[in-house]
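One structure is given below, encoded as structure tokens.
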Amino acid sequence: MSGLGAIGLGPDEEALYEVLLDRSPATLDRLAAAWPRPDLAPLLAGLEAKGLLGVTPGPPPRYTAVAPDVALDVLLLAAERELIKARERARELEEAFQERARERTPPVVVEVVTGQRAVEQRHAQIQRAARRQLRSLSKRPYFDRLGSVAAQRELLERGISSRMIYEQDFVASTGALRLIDEMIEAGQQARVLPSLPMKLYIVDDKLALLLLSHEPADAVAALVIHPSGLLEALIRLFEGFWQRALPLGLTSARNPARDDARLIALLLSGLTDEAIARQLGVGHRTAERRIAELMGRLGARTRFQAGLLAALARE
């Protein structure tokens, strides 16, 4: 979709409109020299129909682009009106759905979704449905990382609160800290636990997605939990885990103070010296030396105690 696709312009129409903005007024021959393709005439007709260009009779006729602040505003207002209508219709359908749900005996509390494609689709839908907050337990298997990061960024940009508890296994994996860094910098609140019992997403207080099985692909299954005692129990479970989990206050910036913050987060996550060295991008001996120095400064007897004391001192 082009940058103006949301208001009905295709990529070619947008590109030709830019040509017109640069060359107006222009004859058909001049435009053909800049747009040597057989679709010039229909594209011009489309732009004229959308109010993006005017034609001055000839000979020869001349094509003039209408100023964007006039032409595009008209299309934007029309798109906004259609969006309002669509939202009203969606609200009507949701009210009708909820009414039918209340009439069912017993009410539908759990949906079973099967198949990898269907589960991934519901995962994306549920994340986009958030209006206030998303609470997540992140463990294997991981959905498409890039897609998940993009969806999380979209939520955070919309002002949606995102709290994620990562399993230690993921934190120790290659490239994980870089992704977590990016999400924290974007506004995500991240914590870590040694292990998690399930993969879970909770949207506001109205919906949850719980992964049941993840292989083979045709046997992937998940539960969609609607408002019920079960959903309330899952929310309480998440909040209990959140209280026990350790904060991941990472930062990718390279200066001594922030490098210490990164080391503290790694110690709190319970990673081995080898994993810490790998995540810091230093040798094993260097990592051991830095851990020993931190423990010495804090008077800590264990690595975990050092991380905890350092984290408390920073609060």
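- Between the Lys199 side chain and the Lys139 main chain, a donor and an acceptor come within less than 3.5 Å of each other.
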How far apart are the C-alpha atoms of Glu88 and Ile84, what are their side-chain angles, what is the distance that settles it, and do they pass the side-chain contact (heavy atoms from CB on, under 4.5 Å) test? CA-CA 6 Å; Glu88 289 175 349; Ile84 290 171; 3.8 Å; yes
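- Listed for the Arg158 side chain is a donor-acceptor partner under 3.5 Å among the backbone atoms of Ala130.
- Interatomic distance, Leu179 CG to Ile184 CD1, rounded to the nearest 0.5 Å: 11.0 Å.
- Between Met164 and Met183, every side-chain heavy-atom pair lies at or beyond the 4.5 Å cut-off.
- Taken from CG in Leu137 to CG in Leu193, the straight-line distance is 8.5 Å, to the nearest 0.5 Å.
- Judged by distance alone, with hydrogens and angles left aside, the side-chain atoms of Glu167 form a donor-acceptor pair with the main-chain N or O of Leu196 at under 3.5 Å.
- Note: Arg131 CZ to Lys206 NZ = 6.0 Å, rounded to the nearest 0.5 Å.
- Looking only at side-chain heavy atoms (C-beta outward), Ile202 and Ile225 stay at 4.5 Å or farther from each other.
- Salt bridge status for Glu288 with Arg285: absent, with no side-chain N to carboxylate O gap under 4.0 Å.
- If you chain together hydrophobic residues whose side chains sit under 4.5 Å apart, Val74 and Leu83 never meet in one group.
- For Arg135 and Trp242, the positive end is not near the middle of the six-membered ring at less than 6.0 Å and at most 45° from its axis.
- Across all non-hydrogen atoms, the minimal contact from Trp35 to Asp12 is CH2-O, 3.6 Å.
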Worked check of side-chain contact (heavy atoms from CB on, under 4.5 Å) between Leu16 and Asp39: CA-CA 11 Å; Leu16 182 55; Asp39 59 354; over 6 Å; no
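- Of the possible polar contacts, none joining the Arg122 side chain to the Leu209 backbone as a donor-acceptor pair under 3.5 Å is found.
- Of all the heavy atoms in Ala65 and Ser24, the pair that sits closest is N-OG, 2.8 Å.
- Here the shortest heavy-atom pairing between Ala221 and Leu211 reads O-CD1, 3.6 Å.
- Atoms CG and CD, from Leu44 and Glu13 in turn, are 10.0 Å apart once rounded to the nearest 0.5 Å.
- With hydrophobic clusters built from ILVMFWY side chains whose heavy atoms lie under 4.5 angstrom apart, Leu21 shares a cluster with Leu76.
- Leu52 has its side chain within reach of Leu72: a pair of non-hydrogen atoms, C-beta onward, lies under 4.5 Å apart.
- Residue Leu75 comes nearest to Lys50 through the heavy atom pair CD2-O, 3.8 Å, listed as atom of the first residue, atom of the second, then distance.
- The shortest non-hydrogen separation linking Tyr17 to Ala71 is OH-CB, 4.4 Å.
- Between Leu210 and Met198, the closest heavy-atom pair is CD1-SD, 3.4 Å.
- Two residues are said to be in side-chain contact when any heavy atoms from C-beta on lie closer than 4.5 Å; Leu234 and Phe238 fail this criterion.
- Hydrophobic clustering (ILVMFWY, side-chain heavy atoms < 4.5 Å, transitive): Val203 and Val119 are in one cluster.
- Note that CG of Leu156 and CG of Leu134 are 9.0 Å apart. Values are rounded to the nearest 0.5 Å.
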Go through it in stages, so that I can follow the logic: the residues are Gln127 and Ser136, the test is side-chain contact (heavy atoms from CB on, under 4.5 Å), and I'd like the CA-CA distance, side-chain angles, deciding distance and then a yes or no. CA-CA 10 Å; Gln127 286 202 103; Ser136 313; 5.5 Å; no
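- The CG atom of Leu207 lies 10.0 Å from the CD atom of Gln125; values are rounded to the nearest 0.5 Å.
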Could you go step by step and tell me if Asp205 and Leu231 meet the side-chain contact (heavy atoms from CB on, under 4.5 Å) rule? CA-CA 8 Å; Asp205 292 326; Leu231 178 60; 5.7 Å; no
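- Val112 and Val109 fall within the same hydrophobic cluster, where Ile, Leu, Val, Met, Phe, Trp and Tyr residues are linked whenever their side-chain heavy atoms come under 4.5 Å apart, directly or through other members.
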